Amino acid sequence: MTRVQPDASHEIKELKLLFEISRHLSDALDLRDALKPVLPLMAEYLCILRGSITILNRDTGEISIDEAYGLLPKEKARGRYKLGEGITGQVIETGREMVVPRISDEPQFLDRTGARKNLDGRFVTFMCVPIKIGLEVIGALSVDRPYLEESLCGNDVRLLTIIASCISQAARLRQLAEEEVAELKSDNRRLYDELAVKFGLQSIIGKSRPMLDVYALIDKVSKTAATVLILGESGVGKERIAQAIHYHSHQAANPYVKVNCAALPENLIESELFGHEKGSFTGATAMRKGRFEMAEGGTIFLDEIGELSLTLQAKLLRILQEKEFERVGGNVTLKANVRVIAATNRNLEALVHEGKYREDLYYRLNIFPITVPPLRERRADIALLADYFLEKYSKEIGKTVKTISGSACQLLKHHDWPGNVRELENCIERAIILTTDGGIHRHHLPSHLRKCASGSASKNPGALGQTLEAVEKDLIIEALGASAGNMAGAARALGITERVMGLRVARFGIDPKQL
């Protein structure tokens with residue numbers, strides 16, 4: 001490329017520009033912000049129409065505009081390229097500058113931003129030079145200027161190359177920052193996907209009719225922002241339902257914040273929910289955001305909502321009705337864009353009649369109630385839940401436990417489970433700890449389950465012979481389960497002959513292979 005020697009005034013202008021760029025780079029407290037004034041300074045000292053600093057993301061291979069002059073925000077956002085794509089992509093791939101005297105004559109000039117679509121490309125010259133750290137190309141500096149013959153572009157290309165060298169360290173920091181942001185976004189996406197799988201609708205165990213009805217309600221309400229009230233006994237899995245609603249909703253990528261209203265003393269729960277200002281009470285040494293602020297744009301789950309005092313009920317009613325609140329000790333009204341899911345094992349309607357719960361709050365919470373059935377009303381799910389907990393705690397405890405004996409299953413299925421799913425989970429975890437032969441048997445289950453089963457049998461009006469037969473059948477099933485279906489081993493354990501064992505198995509219709 002033929003270079004034309006600049007005159008004295010042009011040299012002075014270039015020196016002033018380079019001085020200003022160097023001054024801004026040296027004065028910048030954070031080099032990541034040092035690139036912002038570069039293009040405006042170039043526009044002030046040089047005759048450029050548009051300019052951009054593009055940065056290469058080494059992980060994705062994508063090139064994007066980091067700083068721009070003369071581009072609208074939407075045009076800047078469209079400026080994305082792959083290595084070798086368009087003029088910019090070629091410059092970054094090859095490390096060599098390129099000049100397009102007339103952009104209308106160059107088919108490889110993409111105008112990805114769309115900034116020149118209404119211009120006559122015959123009168124626009126595009127210049128692009130690489131930004132390098134050593135031999136590594138990390139980005140490009142490019143400008144549009146009024147048409148200039150290629151033979152006259154040498155001085156501008158030389159100046160752009162000098163500027164690109166000056167800003168290379170700042171560009172490197174931008175590159176590292178962009179790659180870090182991209183990595184964080186990728187990690188967040190992965191974590192969100194993991195949470196969606198762990199707490200989504202598919203994570204709830206149960207195929208019984210009552211649970212299918214619950215799934216249908218979750219599916220309907222999840223796509224709305226309606227307040228949900230989850231009702232049910234302790235241990236039925238109300239929090240799991242709340243998580244499924246959130247991760248099945250449009251707010252799934254936003255925060256999910258849980259507050260247990262019964263776990264905090266009354267003098268702290270207001271601050272926990274709404275936050276407090278510095279000095280609002282003894283110990284408030286700094287401003288603190290509350291859970292509603294933390295949940296902005298997402299979901300707040302208020303567990304044990306029936307335990308709130310009447311004073312806090314009034315404040316909660318306001319946030320449900322007006323979507324606003326103040327921090328403790330503050331006078332600034334804050335807005336709350338938060339979806340509320342509440343849960344309780346108490347009868348709120350009865351509390352309203354007793355004057356212990358605000359009627360207006362009850363109706364605001366009860367917009368879309370979901371009642372989770374107790375385990376005794378969905379016995380068909382007990383085996384599924386037991387298998388799930390068996391797999392879960394076998395991995396956690398580090399034991400290979402793969403089976404639950406037939407007699408143990410019968411105990412599980414016929415127990416009323418006053419503690420519901422939580423009680424069943426604890427029961428299986430305990431049994432895995434106790435077992436030594438890779439299976440859970442009747443004697444590994446808590447004694448109160450076995451006593452309840454014996455008590456039920458004793459209340460049976462049948463003859464003594466029937467009761468004894470039931471006990472004998474249980475013992476044989478237990479022994480066969482402990483010996484993995486080996487009849488000889490089970491017979492030895494019970495102190496009977498193999499022949500007697502065979503007769504009893506045939507009499508009771510027991511299939512050892514199923515135990």
Side-chain angles (χ1 to χ4, degrees), residues 1 35-36 38-40 42-43 46-133 135-165 167-168 170-172 174-175 177-179 181-182 185:
M1 181 183 296
L35 294 179
K36 291 185 181 298
V38 172
L39 292 170
M42 291 174 63
L46 302 174
C47 185
I48 69 169
L49 306 173
R50 276 163 296 279
S52 64
I53 297 172
T54 50
I55 301 294
L56 169 67
N57 185 308
R58 294 168 296 180
D59 295 327
T60 65
E62 186 178 60
I63 303 161
S64 59
I65 296 178
D66 194 73
E67 292 292 343
Y69 171 80
L71 298 180
L72 298 173
K74 62 181 180 181
E75 294 171 339
K76 177 185 174 184
R78 289 197 293 260
R80 294 183 175 276
Y81 314 87
K82 293 295 183 182
L83 276 173
E85 185 180 32
I87 304 299
T88 301
Q90 289 183 46
V91 168
I92 295 178
E93 184 177 51
T94 65
R96 296 192 299 269
E97 73 267 9
M98 291 185 69
V99 175
V100 180
R102 299 182 190 272
I103 62 174
S104 58
D105 297 339
E106 178 52 71
Q108 295 188 71
F109 185 79
L110 302 178
D111 189 23
R112 184 62 57 78
T113 64
R116 299 108 173 156
K117 63 182 178 181
N118 296 322
L119 298 177
D120 189 337
R122 294 175 300 172
F123 303 110
V124 178
T125 296
F126 180 76
M127 303 177 185
C128 186
V129 300
I131 301 173
K132 298 180 179 180
I133 294 287
L135 298 176
E136 180 189 358
V137 181
I138 62 174
L141 172 64
S142 60
V143 297
D144 287 7
R145 56 156 300 157
Y147 169 71
L148 189 67
E149 290 182 15
E150 187 170 4
S151 62
L152 302 176
C153 294
N155 288 329
D156 285 1
V157 171
R158 175 184 56 81
L159 180 61
L160 289 177
T161 302
I162 295 171
I163 295 172
S165 178
I167 66 175
S168 59
R172 167 67 92 191
R174 279 293 183 90
Q175 182 186 48
E178 288 295 325
E179 291 171 354
V181 168
K185 286 182 178 179

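Everything numeric here is computed off the predicted structure, so don't read it as measured data. Counting begins at 1 with the first residue of the sequence. Only this structure's heavy atoms are used, side chains among them; waters, hydrogens and symmetry mates stay out.
- The two residues Leu110 and Tyr81 make their nearest non-hydrogen contact at CD1-CD2, 4.3 Å.
- The two residues Ile131 and Ser168 have their closest heavy-atom pair at CG2-CA, 3.8 Å.
- Counting heavy atoms from C-beta outward, Ile87 and Gln108 have side chains that approach closer than 4.5 Å.
- Side chain of Arg145 to backbone of Ile48: no donor-acceptor contact under 3.5 angstrom is found.
- Nearest approach of Glu179 to Asp59, heavy atoms of both residues: CB-OD2, 4.1 Å.
- By the 4.5 Å heavy-atom criterion applied to side chains, Tyr147 and Pro101 are counted as neighbours.
- Every residue meeting the side-chain hydrogen bond (donor to acceptor under 3.5 Å, both in side chains) condition with Asp120, not counting sequence neighbours, appears here in chain and number order: Arg122.
- By the 4.5 Å heavy-atom criterion applied to side chains, Ile163 and Val38 are counted as neighbours.
- For the residue pair Glu97 and Pro130, the shortest heavy atom distance occurs at N-CD, 3.9 Å.
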Working for salt bridge (Lys or Arg N to Asp or Glu O under 4.0 Å), residues Arg172 and Glu136: CA-CA 10 Å; Arg172 167 67 92 191; Glu136 180 189 358; 2.7 Å; yes
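- The CD1 atom of Ile63 sits 10.0 Å away from atom CZ of Arg112, with the distance rounded to the nearest 0.5 Å.
- Side-chain contact check for Asp156 versus Leu148: some heavy-atom pair is nearer than 4.5 Å.
- Of the inter-residue distances, the one linking Thr54 atom OG1 with Lys76 atom NZ reads 11.5 Å to the nearest 0.5 angstrom.
- Residues Met127 and Cys153 form a side-chain contact, since some pair of their non-hydrogen atoms from C-beta on lies under 4.5 Å apart.
- At least one side-chain heavy atom of Asp144 sits less than 4.5 Å from a side-chain heavy atom of Arg116.
- Contact annotation: the side chain of Phe126 never approaches that of Val99 to less than 4.5 Å [non-hydrogen atoms, C-beta and beyond].
- Of the possible donor and acceptor atoms, none in the side chain of Ser165 sits under 3.5 Å from a partner among the backbone N and O of Thr161.
- Residues Ala164 and Leu141 share a closest heavy-atom pair of N-CD2, 4.1 Å.
- The shortest distance between side-chain heavy atoms of Val143 and Arg50 does not fall below 4.5 Å.
- Of the residues listed (Thr88, Leu71, Ile55), the one engaging Ile65 in a side-chain contact (heavy atoms from CB on, under 4.5 Å) is Leu71, and it is the only one.
- Between Lys117 and Glu75, no side-chain nitrogen of the basic residue sits less than 4.0 Å from a carboxylate oxygen of the acidic one, so the salt-bridge criterion is not met.
- Expressed to the nearest 0.5 Å, how far CG of Asn155 lies from CG of Leu160 amounts to 11.0 Å.
- Glu106 contributes atom CD, which lies 13.0 Å from atom CG of Asp111 (distance to the nearest 0.5 angstrom).
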